[in-house]
Asks: 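The structure's right below; bear with me while I get my questions together.
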Amino acid sequence: MKIKANDLKRQYDLYADEYDKAAIQCLRSGWYIMGPALLKFEKDWAQFIGSKYCVGVASGLDALWMAFRLLEIGFNDEVIVAANAYIACVMGITLNGAIPVFVEPDGYLNINAEKIEEKITSKTKAILAVHLFGQACDMTVIMDVAARHSLKVVEDCAQSHGNHWQNKRVGSYGDISCFSFYPTKGCGAFGDAGCIVTNEKQIADAAKVLRNYGSEEKYHNRVVGVNSRLDELQAALLSVKLSHLDKLNDERTILADRYNNGIRNENVKLPIVRKGADSTWHQYVLQVKQRKKFINYLLMHGIETMIHYPIPPYLSEAYRNLGYSKGDFPITEQQADEVVSIPIYNGMTREEQNYVIDVINAYDIG
Ligand SMILES: *Cc1c(COP(=O)(O)O)cnc(C)c1O
């Protein structure tokens with residue numbers, strides 16, 4: 001059997017007629033940028049998350065750097081972020097001239113919130129809470145630390161579309177929350193898209209100006225802005241996906257539960273979910289020593305895997321200027337050496353999953 005690491009065609013197939021209809025309706029409408037489909041999606045997404053405002057932008061990275069810009073966090077300000085986060089999280093900080101300050105992750109592969117306070121200095125302006133792999137950070141501790149030190153909180157929910165911390169969805173906690181609708185994300189588009197979510201009207205209004213050349217009214221440019229808009233076609237398709245998102249997330253939970261209950265191999269560490277959080281299982285991340293051997297073994301049996309992520313941002317070439325070196329964050333580096341994401345996607349069959357489970361359970365380090 002051949003099993004791909006991810007298969008987006010399967011997810012499209014689940015509601016193909018609805019996507020086709022929405023796309024054709026948009027094409028035939030003659031309105032392609034900043035129209036009714038965007039307004040509808042923004043309203044529905046804000047409501048889904050449980051916040052007041054949503055502003056569509058062109059990508060998750062744009063949402064991130066615009067969030068810090070909107071909070072007036074820039075040159076030489078410090079922002080606290082998990083050392084094992086995705087590199088776009090760090091770019092969202094540094095594109096504004098701000099400095100990322102890294103904190104080690106915990107056993108749930110998210111920022112160790114108990115270690116944030118010791119990193120706070122007079123230059124610290126914000127905490128970027130990245131809800132990695134579909135699971136919430138400990139927002140109780142993060143919101144408490146932020147309140148005590150008057151810091152802003154930005155949430156990166158790119159991998160967490162709809163899951164909760166306690167009784168609220170992630171994205172409803174921070175001053176600004178950032179979403180990517182990149183095709184592989186929970187509510188994935190059919191191209192690039194993203195948004196910010198906030199409860200503050202002033203921030204939402206400023207975001208609408210920033211994304212559109214700094215103008216609210218055509219040819220009246222209040223500030224220097226950018227072109228970062230979520231187009232009508234993507235918005236229309238996203239509305240279809242949003243209408244099924246809870247179901248899609250439930251299906252992923254069932255898939256993850258099968259792995260949780262089915263995989264039994266002492267060489268393989270399963271992911272765990274923190275009390276107070278649920279997961280939308282953006283990835284199902286195992287930790288395995290001698291990972292290369294494990295990956296090759298799976299590949300030999302037709303099973304593809306991915307690594308999220310092999311190089312921590314502070315060790316990447318792009319951030320050589322930050323002056324970090326190997327050994328600076330040992331927990332992060334151990335995870336980077338051991339994590340491996342196995343196939344989990346909407347439309348995956350029970351037969352395929354049983355095959356993956358059987359192959360993993362038969363793995364012998366030798
Ligand atoms: C995907 C992702 C981003 C970037 O989103 P793009 O839409 O690809 O720019 C940022 N942060 C996290 C955690 C992501 O997974």
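Both ligands and their constituent atoms are indexed starting at 1 by order of listing. Keep in mind the model is a prediction, meaning the values are calculated, not measured.
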Asks: I'd like to check the side-chain hydrogen bond (donor to acceptor under 3.5 Å, both in side chains) partners of Lys125; sequence neighbours left out, ordered by chain and number.
Replies: Asp77
Asks: Quick one: does Ile365's side chain get under 4.5 Å of Tyr297's, heavy atoms only?
Replies: no
Asks: Give every donor-acceptor pair under 3.5 Å between a side-chain atom in residues 303-312 and any protein atom, sequence neighbours left out.
Replies:
from: Glu304; atom 1: OE1; to: Ala5; atom 2: N; distance (Å): 3.0
from: His308; atom 1: ND1; to: Ser341; atom 2: OG; distance (Å): 2.7
from: Tyr309; atom 1: OH; to: Gln159; atom 2: NE2; distance (Å): 2.8

Asks: Using a threshold of 4.0 angstrom between heavy atoms of the protein and any atom of ligand 1, which residues qualify?
Replies: Ser59, Gly60, Leu61, Leu64, Tyr86, Ala88, Cys89, Val130, Asp156, Ala158, Gln159, Ser180, Lys185
Asks: Is it possible for you to check whether Lys168 lies under 6.0 Å from the centre of the six-membered ring of Tyr173, through NZ or CZ, and within 45° of that ring's axis?
Replies: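 Relative to the ring axis of Tyr173, which defines the angle, Lys168 lies inside both limits.
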Asks: Holding to salt bridge (charged side-chain N to carboxylate O under 4.0 Å, His left out), I want the full list of residues that pass it with Asp250, two or more places apart in sequence or in another chain.
Replies: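 Asp250: no salt bridge (charged side-chain N to carboxylate O under 4.0 Å, His left out) contacts found.
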Asks: So with a 6.0 Å cut-off around CD of Glu118, is the heavy-atom count from everything else above 12?
Replies: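 More than 12 heavy atoms, drawn from other residues, nucleotides or ligands, come within 6.0 Å of this atom.
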